[in-house]
Amino acid sequence: MSWGPSKAKAARLAAALLIATGATAAAAQVLVVRASGPSAKAYPAGKKLADSARISLRANDSLVLLDSRGTRTLRGPGVFTPGGPAQAANRSALASVATGRTRRARIGAVRGVGSDAPRPASLWHVDVSKSSTVCLADPARVTLWRPHAGAAVTLTVTRVGDGASRAVEWPAGQTTVGWPADLAVSDGADYRLSWAGGAQPTSLEFRTLAAEPADPEAMASTLIQKGCDAQLDVLIQALQLPEAPAATTEG
């Protein structure tokens, strides 16, 4: 069968439109990254919603959503639609929080989500002040972070599995220090961190990633699946957009 130039052109155009429509439909989703309040069970972290979905929240409900534009918080009571005009956060914002080169006003020594506690500038900095599960994109280059850098301390890092221990000298005035080079980090391994003056040792479990997620939605999904909640908080704060108003208010 032979098609003339006009029919072939029309076929290519139809195929392009079909691909574009499918891509738009696939992209028109939002990801639930945090939920609290009476309706939290209906919106578990990791759940995907259509961009046009109607979300009904009750009093004291709070829902944090992520899409290609950034994260936004919905607070009940009210009925909300995730879609709407917003400044795009996109991959450049993710790159900023991943490398720690984000604008100081928003991220550097950022305040935590829903608290006054500072958080690290980079998504990959390991907060030694709290026990957590930590995702690592590069286990050969681990950076430790502390919220208060006033005094010099000697940090003792112990691998729980075999008791191997290393001392790390943390100079005064520095918020970050490197992981001991001769104490390998492995997926699923537990470590205990302690120092003089610390209330109690910090417990860390590392989860290594096969590759660093390339976009905010994939990054958030990975952190949720791996249970890396502290890093998810940093990501939410980095991509935060103004709170979305309710489309209607429930009486």
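The first residue of the sequence shown is numbered 1, and numbering continues consecutively from there. Quantities reported herein were computed from a predicted structural model and do not represent experimental measurements.
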Does [atom1] in [X] sit with more than 12 non-hydrogen atoms of other residues, nucleotides or ligands closer than 6.0 Å?
X: Arg192; atom1: CZ; value: no
X: Arg141; atom1: CZ; value: no
X: Asn60; atom1: CG; value: no
X: Lys47; atom1: NZ; value: yes
X: Glu169; atom1: CD; value: yes

Item checked: Residue pair Asp138, Leu136: steps toward the side chain to side chain contact (heavy atoms under 4.5 Å, CB included) verdict -> CA-CA 5 Å; Asp138 185 357; Leu136 296 176; over 6 Å; no
Is the shortest side-chain heavy-atom distance between [X] and [Y] below 4.5 Å?
X: Leu239; Y: Leu66; value: yes
X: Phe80; Y: Leu63; value: no
X: Ile236; Y: Thr73; value: no
X: Leu65; Y: Val33; value: no
X: Thr222; Y: Leu209; value: yes
X: Val126; Y: Leu204; value: yes
X: His125; Y: Thr176; value: yes
X: Asp127; Y: Pro147; value: yes

_Residues which pass ring pair (Phe, Tyr, Trp, His ring centres under 6.0 Å) with Phe206, listed by chain and number, not counting sequence neighbours_ =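 Here the qualifying residues are Trp179, Tyr191.
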Please report the closest heavy-atom contact between [X] and [Y], naming both atoms and the distance.
X: Ile55; Y: Pro82; value: CD1-CG, 3.7 Å
X: Arg166; Y: Pro180; value: CB-CB, 3.9 Å
X: Asp162; Y: Arg159; value: OD2-NH2, 2.9 Å
X: Tyr43; Y: Ser56; value: OH-N, 3.8 Å
X: Ala218; Y: Pro213; value: C-CB, 3.7 Å
X: Gly178; Y: Leu144; value: O-CD1, 4.5 Å

Closer than 3.5 angstrom, by distance alone: can the side chain of [X] be matched with the main-chain N or O of [Y] as a donor-acceptor pair?
X: Gln231; Y: Val134; result: no
X: Glu217; Y: Ser68; result: yes
X: Thr133; Y: Cys228; result: no
X: Gln29; Y: Lys48; result: no
X: Ser194; Y: Pro201; result: no
X: Arg34; Y: Ser62; result: no

Salt-bridge contact Asp61-Arg75 (side-chain N to carboxylate O under 4.0 Å):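 No.
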Quick test of your reading of the model: are Asp229 and Lys130 salt-bridged, counting only N-O distances below 4.0 Å?
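Lys130 and Asp229: not salt-bridged.
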Do the side chains of [X] and [Y] join up, straight or via other hydrophobic residues, at under 4.5 Å, putting them in one cluster?
X: Val234; Y: Val128; result: no
X: Leu57; Y: Val32; result: yes
X: Trp145; Y: Val157; result: no

What's the verdict on side chain to side chain contact (heavy atoms under 4.5 Å, CB included) for Val153 and Arg146, showing C-alpha distance, side-chain angles and the deciding distance? CA-CA 11 Å; Val153 298; Arg146 57 177 175 170; 3.8 Å; yes
How many angstroms lie between [atom1] in [X] and [atom2] in [Y], if you round to the nearest 0.5 Å?
X: Leu123; Y: Gln237; atom1: CG; atom2: CD; result: 13.0 Å
X: Leu193; Y: Thr202; atom1: CG; atom2: OG1; result: 6.0 Å
X: Ser221; Y: Leu31; atom1: OG; atom2: CG; result: 4.5 Å
X: Ile224; Y: Leu232; atom1: CD1; atom2: CG; result: 5.5 Å
X: Leu74; Y: Ser39; atom1: CG; atom2: OG; result: 11.5 Å

Taking side chain to side chain contact (heavy atoms under 4.5 Å, CB included) as the definition, give me every residue that meets it alongside Ala137, ordered by chain and number, with sequence neighbours left out.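 With sequence neighbours excluded, Ala137 shows a side chain to side chain contact (heavy atoms under 4.5 Å, CB included) to Trp124, Glu212, given in chain and number order.
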